[in-house]
Amino acid sequence: MDTGITSKTPITLLGLGDMGTALAHSWLAAGHPLTVWNRTREKAEPLVRGGARAADTAAEAVASAAGPVVLCLLDDDSVGETLDGADLNGKDVVNLTTGTPAQAWRRARWVNERGARFLDGGIMAVPPMIGRPETGGYVFYSGDRELFDRHREALEVPAGAEFVGEDPGHAALHDIALLSAMTGMLAGITHAFALVSREKDLDLARFAGLLAEWLGAMAGSSQEMAAQLASGDYTEGVTSNLAMMAAGNDSLLATARDQGVDPRLLVPFMELMRHRVAQGHGDEGLAGLVSLLPAAH
Ligand code: FVH
């Protein structure tokens with residue numbers, strides 16, 4: 001006989017956009033009692049048919065929460081609007097809304113002042129990866145360690161969970177750092193395709209495979225950079241030195257010119273390399289470039 005009683009952690013989820021809906025389906029499929037709320041109520045209907053309960057207001061959803069209150073909304077402003085008027089006292093708040101570290105610090109303080117615990121999360125996955133561990137998606141978490149440990153099993157249902165520290169801003173910092181690295185990589189991919197795409201007899205699908213393989217092989221250089229930054233010796237274990245790479249940039253620029261491609265996506269990085277070599281650091285790896293990046297305030 002199905003008594004409807006389960007030992008699974010009940011989840012309250014605020015926000016049913018593409019990502020929130022994917023999270024909701026994964027918790028339902030794993031048998032977690034689920035209460036949902038969304039500003040546009042209709043988005044809750046398919047989940048209600050699947051066994052979720054839809055709350056009429058965010059405040060009502062929070063009031064009835066016996067487990068973590070998870071937010072997956074557009075941005076930090078929508079989090080503030082959604083929680084405005086909700087009684088958070090004694091609640092566990094898990095914010096999976098993408099934001100900056102500064103927003104996470106402020107939100108943590110705001111939530112703590114209202115008597116609740118706070119965990120921030122940065123999702124490193126797209127909706128089709130949710131509930132599918134084989135895709136490698138995961139979420140960075142930071143903030144209240146005890147809250148994380150208590151709800152870890154439930155948090156690991158949609159995607160892997162990577163706790164990165166008690167500083168509430170560190171999940172967002174990891175998230176944004178990885179997205180920033182991805183942005184640079186996508187700029188490089190865009191430039192590479194601009195170079196080859198005008199060649200009529202070049203197999204772009206084959207090129208794409210070679211490109212992905214090469215980027216994967218080069219990704220290991222991040223460990224070299226980490227070791228150099230940790231020791232402060234930017235010449236430690238250098239595989240390819242800056243002087244050699246800066247000289248090679250001339251070939252990259254000449255080929256861009258010959259192929260009729262604007263090199264604007266690469267030039268700022270190349271200028272940084274040239275500057276560091278001119279400072280007399282041609283024997284370093286790339287770690288020395290980090291020291292050139294502090295922004296003027
Ligand atoms: N989708 C993705 O690929 C990325 C993957 C990495 C992580 N992001 C972040 O996840 C957050 C939610 O993203 P999403 O994909 O669910 O976003 P949308 O489909 O646009 O849904 C937005 C939800 O936010 C609600 N909302 C917007 N403004 C307000 C407001 N002022 N008050 C209350 N709710 C608000 C919106 O409600 P509605 O439009 O349906 O009424 C949706 O529920 C996000 O931080 C990504 O950066 C996703």
Side-chain angles (χ1 to χ4, degrees), residues 11-28 34-50 52-63 65 68-88 93-108 110-111 118-133 135-143 155-164 168-183 185-186:
I11 309 286
T12 299
L13 175 62
L14 310 181
L16 296 174
D18 293 341
M19 183 53 82
T21 299
L23 297 172
H25 281 297
S26 74
W27 277 312
L28 272 184
L34 180 67
T35 298
V36 294
W37 172 85
N38 193 60
R39 181 180 62 175
T40 308
R41 160 100 195 196
E42 298 81 73
K43 290 189 187 168
E45 298 310 333
L47 292 159
V48 170
R49 287 196 290 279
R53 182 181 84 83
D56 287 333
T57 64
E60 191 247 294
V62 172
V69 176
V70 180
L71 294 113
C72 188
L73 297 164
L74 186 64
D75 55 18
D76 186 61
D77 284 347
S78 46
V79 171
E81 282 177 39
T82 298
L83 292 181
D84 187 33
D87 180 5
L88 294 178
V93 175
V94 180
N95 185 20
L96 299 185
T97 304
T98 301
T100 67
Q103 285 171 334
W105 295 322
R106 284 196 292 271
R107 191 55 66 195
W110 188 88
V111 165
F118 184 80
L119 190 65
D120 199 58
I123 304 176
M124 306 312 297
V126 291
M129 295 164 76
I130 298 300
R132 295 179 57 210
T135 61
Y138 64 91
V139 180
F140 285 123
Y141 287 100
S142 67
L155 295 175
E156 283 181 334
V157 167
E162 194 73 35
F163 188 82
V164 288
H170 276 186
L173 187 59
H174 279 71
D175 183 356
I176 300 293
L178 263 59
L179 293 177
S180 301
M182 180 186 80
T183 302
M185 182 190 75
L186 294 176

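For clarity, every value in this text was computed on a predicted model and none was experimentally measured. Read the numbers this way: they start at 1 and go in the same order the structure lists the ligands and their atoms.
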S.K.: Quick one: does ligand 1 sit under 4.0 Å from the side chain of Arg39, the backbone, both or neither, non-hydrogen atoms only?
M.R.: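 Both backbone and side chain.
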
S.K.: Give me the residue, atom name and distance of the protein heavy atom closest to atom 21 (O) of ligand 1.
M.R.: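 Minimum-distance protein heavy atom for atom 21 (O) of ligand 1 reads Gly17 CA, 3.2 Å.
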
S.K.: Which heavy atom of the protein is the closest neighbour of atom 3 (O) of ligand 1, given with residue, atom name and distance?
M.R.: Pro127 CD, 3.3 Å

S.K.: Can you check which of Asp75, Leu96, Thr40 brings a heavy atom nearest to atom 38 (P) of ligand 1?
M.R.: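 Ranked by closest heavy atom to atom 38 (P) of ligand 1, first place is Thr40.
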
S.K.: Once you round to the nearest 0.5 Å, how far does CG of Leu96 lie from CD1 of Ile123?
M.R.: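 If we round to the nearest 0.5 Å, Leu96:CG and Ile123:CD1 are 4.5 Å apart.
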
S.K.: Can you tell me which portion of Asn38 lies within the under-4.0 Å heavy-atom range of ligand 1? Options are side chain, backbone, both, or neither.
M.R.: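 The side chain, only.
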
S.K.: Between Cys72 and ligand 1, does any nitrogen or oxygen pair lie at a separation below 3.5 Å?
M.R.: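 No.
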
S.K.: With a heavy-atom distance limit of 4.0 Å, tell me whether Lys43 approaches ligand 1 through its side chain, its backbone, both, or neither.
M.R.: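 Side chain only.
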
S.K.: For residues Val36 and Lys43, determine if any side-chain heavy atom of one lies less than 4.5 Å from a side-chain heavy atom of the other.
M.R.: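 The answer is no, as the side chains (C-beta and beyond) never meet within the 4.5 Å cut-off.
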
S.K.: Which protein heavy atom lies closest to atom 31 (N) of ligand 1, and at what distance to 0.1 Å?
M.R.: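 I find the closest protein heavy atom is Glu81 OE1, 3.0 Å.
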
S.K.: Considering only NZ, NE, NH1 and NH2 on the basic side and carboxylate oxygens on the acidic side, decide whether Asp76 and Arg106 come within less than 4.0 Å.
M.R.: no

S.K.: Considering only heavy atoms from C-beta outward, does the side chain of Ile130 approach that of Leu23 to under 4.5 Å?
M.R.: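 With C-beta onward as the side chain, the pair touches.
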
S.K.: Going by heavy-atom distance to atom 29 (C) of ligand 1, choose the closest among Ser78, Gly137, Ala125.
M.R.: Ser78

S.K.: May I ask you to test the Leu13-Leu34 pair for a side-chain heavy-atom distance under 4.5 Å?
M.R.: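 Yes, at least one pair of side-chain atoms sits under 4.5 Å.
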
S.K.: Measuring from Asp120:CG to Leu173:CG, what's the distance to the nearest 0.5 Å?
M.R.: 11.5 Å

S.K.: Which residue and non-hydrogen atom of the protein lie closest to atom 17 (O) of ligand 1, and at what distance in Å?
M.R.: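 Minimum-distance protein heavy atom for atom 17 (O) of ligand 1 reads Asp18 N, 4.4 Å.
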
S.K.: Give the atom numbers and elements of ligand 1 that come within less than 4.0 Å of a heavy atom of Gly20.
M.R.: 16 (O)

S.K.: What are the atoms of ligand 1, with element, lying closer than 4.0 Å to any heavy atom of Thr97?
M.R.: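 Within the 4.0 Å cut-off of Thr97, ligand 1 contributes 45 (O).
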
S.K.: Geometry only, no angles: is Gly15 polar-contacting ligand 1 at N/O separations under 3.5 Å?
M.R.: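 For ligand 1, there is no N or O atom that lies under 3.5 Å from one belonging to Gly15.
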
S.K.: How far is atom 16 (O) of ligand 1 from its nearest protein heavy atom, and which residue and atom is that?
M.R.: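 Going atom by atom, the protein heavy atom closest to atom 16 (O) of ligand 1 ends up being Met19 N, 2.9 Å.
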
S.K.: Could you point out which residue of Thr12, Asp56, Leu14, Leu16 forms a side-chain contact (heavy atoms from CB on, under 4.5 Å) with Trp37?
M.R.: Leu14

S.K.: Answer yes or no: is there a side-chain heavy-atom contact under 4.5 Å between Ile11 and Thr35?
M.R.: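 Ile11 vs Thr35: side chains apart.
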
S.K.: Would you please name every residue forming a ring pair (Phe, Tyr, Trp, His ring centres under 6.0 Å) with His25, sequence neighbours left out?
M.R.: none

S.K.: With atom 8 (N) of ligand 1 as the reference point, say which of Ile123, Val126, Thr98 has the nearest heavy atom.
M.R.: Thr98

S.K.: If the condition is salt bridge (charged side-chain N to carboxylate O under 4.0 Å, His left out), which residues does Arg39 pass it with, not counting sequence neighbours?
M.R.: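 Salt bridge (charged side-chain N to carboxylate O under 4.0 Å, His left out) check on Arg39 returns nothing, list empty.
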
S.K.: Only heavy atoms count here, so choose which of Leu73, Thr82, Leu83, Leu74 is nearest to atom 12 (C) of ligand 1.
M.R.: Leu73

